[in-house]
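Encoded as structure tokens, the structure appears first; notes follow it.
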Amino acid sequence: MKKLEASWVEIPENSDFSIYNLPFGIFSFRDEYPRAGMAVGDEILDLGIAAYHGMFQEILKDDTIFDRPVLNEFIRLGKKTTSAVRKKVQDELCDSNSRFRQVAKLLVPQAEATMHLPVQIGDVTDFYSSMEHATNVGKMFRDPENALLPNWKHLPVGYHGRASSIVISGTPIRRPWGQLKPPDAPPAFLPSKRLDFELEMAFVVGGDSTLGEPVPASRAEEYIFGLMLFNDWSARDIQKWEYVPLGPFLGKSFASTVSPWIVPLEALEPFRVDGPLQEDPEVLPYLKTSGKQNVDLTLEVSLQTEQGGPGMICRSNFKYMYWNMAQQLAHHTSNGCNLRVGDVMASGTISGKERGSFGSMLELSWGGKEPLTLSDGTTRTFLEDGDTVIMTAYGEKEGIRVGFGEARGTILPPLEQKRENS
Ligand code: MN
């Protein structure tokens, strides 16, 4: 990776938003309308202002493309254009003679801005692609000897999720009500007692594909715009009772939290690594990939309670994924299902081999049997009201750091409304 000149924007040393990152997001400042920006250090570069002053006149036909409340139309222009915009910003920020140094209001402090969902999300898919996570869950819920189901190493298992309840980092999460079934009693309608997080990464689809035409794994990256952190909040007790035989539903659909910045795939290039061997069994030809398909990103989860913290409860890594993003996308479209700009595909919970790298409370407390002691001295099996879950992700290599900011959410107590005939 070529080292860049220092930027004239001051960037703190350990910033997630180094000059090598430059992720896209939607922000608003004071009472102004939401529009597109790029994170750099502790600032947001206002892409609308940059375009107005001609920064992209050789790249973009429409210099109002950033004055929109979502990035979908910009992303739809294609990677050639979106990459050229990012490269142009990088060049200008590293040029000490740039005329944009003089442009008023080009930069606004992140601390004073409000972030919004970066895209209008279309369809949502959640995969189940970490072998360690699938093994842990299989051991707890099914058979300790045969934790993985027979299909697991042959295809990236996934299910269709819900877009309406995806929220931006910082949005409080209301504890859901649902049917809970105690082991020796009939089901009752109650607030979930086993509320959990799932540490995931998600990619945002960056191109429309044609209905009926699969996207081969070798071309998958043309359809991946960038990545975000994804917390797939889960109510384990609702999930356990409802999911047989058709899979996750209300135990998952009440909320998922994403981080505000979409880190473009090209910013992750320095952190690409080989994935795990897929030889036993060998995967079918349409799922074969080569080269560095995984990404070495440190993932951390911290828990802040009403007593104290935050304290780290999990450190995992995106490189542990058994199935990579190209395989997920190729499998998703293999039956002819089409992609649309703004679709979100989440990885599934990302766990490593050791207890401290498990990406959910379900695994960290081993099904609630082994409570976790927090840094404030209290213990947890699942999340309590007032708990705040904070997820972060970053890649770091040879002095180059690219991070995702955070995906944060605080648990609110359940609504106390009277539930008729509950
Ligand atoms: Mn999930």
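Atoms considered below: every heavy atom in the structure, side chains included; atoms not considered: hydrogens, waters and symmetry mates. Whatever order the structure lists ligands and atoms in, that order sets their numbers, starting from 1.
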Item to complete: Please work out whether the ring planes of H332 and H160 are parallel, tilted or perpendicular, with thresholds of 30° and 60°.
Response: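 Rings of H332 and H160: perpendicular, over 60°.
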
Discussion item. Check for me whether the distance between the ring centres of H133 and Y128 falls short of 6.0 Å.
Written reply: yes

Item to complete: Indicate, with yes or no, if the rings of F127 and Y159 have centres closer together than 6.0 Å.
Response: no

Worksheet item: In this structure, which one of Y33, F27, F74, F24 forms a ring-ring contact (aromatic ring centres under 6.0 Å, His included) with F66?
Response: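 Exactly one pass, corresponding to F74.
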
Worksheet item: Hey, which protein N/O/S atoms does the Mn ion (ligand 1) have under 2.8 Å?
Response: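 Checking every protein N, O and S atom gives D126 OD2, E198 OE1, E200 OE2, D232 OD2.
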
Discussion item. Please report the interatomic distance CD1(I44) to CD(E112), rounded to the nearest 0.5 Å.
Written reply: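 These two atoms lie 10.0 Å from each other.
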
Worksheet item: Between R340 (side chain) and I121 (backbone), is there a donor-acceptor pair under 3.5 Å?
Response: no

